[in-house]
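What follows is one structure encoded as structure tokens, with my remarks underneath.
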Amino acid sequence: MEMNKASTIGSLVHGVNIIDVVAQSDNPLKFTEIQELTGISKSNLYKYLNTLTQLDLLYRDAKQGHYSLGYKFLEYGNAAMKNNDITSKLSSYFKEISNLTNMTSSLSVWLNDTPVITNIWNTNYGLNIGAQIGTKLPLLSAAGKVHAAYANREEVFNWIDQEQTKNPAFPVEEFQKELLEIRETHVAFAKEPLTKHVSSLSLPILDYKNELVAACTIIGFSEQVPKDKSSEIVQQVVEINTEMSRAFGYKG
């Protein structure tokens, strides 16, 4: 990642780089290994390691002299988990999307063996979207396509196979091409997947590993819902959705 040197503290960047090197290693590292991986001079590296160890960000084994992550990261990890509630983190973004589009927005996550709607933000209470909180989403819904496009676990692949098996005429090749396009454009579209006259578009909320956290879906009457990414309203939603992903460390 490129950084603006004029607005960053170089020593802090070096310190974090050292932590990254230690964190990414499968085994504790020797001083010489850290120096080789970071390129920091021996005299400066000693000061960095001594400081990080005193702050409990690194742990130095007294016998071997090897470095590993310190216990402080257990504290930070637990704090991050407590603050990682998806709904509370993203609610304001979904409200913004609903107000911007004047359509309903929903959040869906993977639960057990299927994607499920966990929250709905509704600006059009007269619209029957054909779903409610707890609804299991089909593969050909916009959110279902997003979950399929970013599948990386056996249970997700099993769900895709099961959904396809339900329809003997399922267009497998065409669908695979659509999933590739979704990964490229970060937008999925579906025409009336659950209810007649109601269509949707969905976007992936990604994390720092470029893996799917949840799907953000906009639902409205078919004539209201944009049909492709070039739409100005879709571009605005994409920007908001990217901010949601950044809340989970996404760098794309």
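All values reported here derive from a predicted model rather than from experimental measurement.
Note that CG of Leu139 is 11.0 Å distant from NE2 of His147, once rounded to the nearest 0.5 Å. To the nearest 0.5 Å, atoms CD1 (Ile40) and NE2 (His14) are separated by 6.0 Å. Atom CZ of Phe31 is separated from atom CD of Glu36 by 12.5 Å, given to the nearest 0.5 angstrom. Here the CG atom belonging to Asp228 is positioned 10.0 Å from the OG1 atom belonging to Thr185, to the nearest 0.5 angstrom. Here the CG-OG distance, from Leu201 to Ser231, works out to 8.5 Å after rounding to the nearest 0.5 Å. Taken from CG in Asn102 to CD in Gln224, the straight-line distance is 6.5 Å, to the nearest 0.5 Å.
Cluster annotation: Val22 is connected to Leu49 through the hydrophobic network of ILVMFWY side chains, with a link wherever side-chain heavy atoms come within less than 4.5 Å. Residues Tyr208 and Leu203 do not share a hydrophobic cluster, clusters being chains of Ile/Leu/Val/Met/Phe/Trp/Tyr side chains in contact below 4.5 Å. Cluster membership for Ile205 and Val237, using ILVMFWY side-chain heavy atoms within less than 4.5 angstrom, is shared. Both Val213 and Ile97 are part of a single hydrophobic cluster, where members link through side-chain heavy atoms under 4.5 Å apart.
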- request: Could you go through the side chain to side chain donor-acceptor pair (under 3.5 Å) check for Ser105 and Ser98 one step at a time?
  value: CA-CA 6 Å; Ser105 62; Ser98 285; 2.8 Å; yes
Practice item. Go through the steps to decide whether Glu33 and Lys30 satisfy the test salt bridge (Lys or Arg N to Asp or Glu O under 4.0 Å), and finish with yes or no. Key: CA-CA 5 Å; Glu33 291 173 322; Lys30 302 176 185 176; 5.3 Å; no
Practice problem: Start with the C-alpha gap between Asn44 and Ser41, add the side-chain angles, then the distance that decides, and say whether side chain to side chain donor-acceptor pair (under 3.5 Å) holds. | Solution: CA-CA 5 Å; Asn44 283 335; Ser41 67; 3.3 Å; yes
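Ring geometry for Trp121 versus Phe94: interplanar angle under 30°, hence parallel rather than tilted (30 to 60°).
For the residue pair Asn17/Thr38, the side-chain donor-acceptor check at 3.5 Å is not satisfied.
Atom CD of Gln235 has more than 12 heavy atoms from other residues, nucleotides or ligands within 6.0 Å. Within a 6.0 Å sphere centred on CD of Glu154, other residues, nucleotides and ligands contribute 12 heavy atoms or fewer. Heavy-atom contacts from other residues, nucleotides or ligands closer than 6.0 Å to NZ of Lys229 number more than 12.
No donor-acceptor pair under 3.5 Å is formed between the side chain of Lys191 and the backbone N or O of Phe189. A donor-acceptor pair under 3.5 Å is formed between the side chain of Ser199 and the backbone N or O of Glu192.
Aromatic ring centroids of Phe170 and Phe175 lie under 6.0 Å apart.
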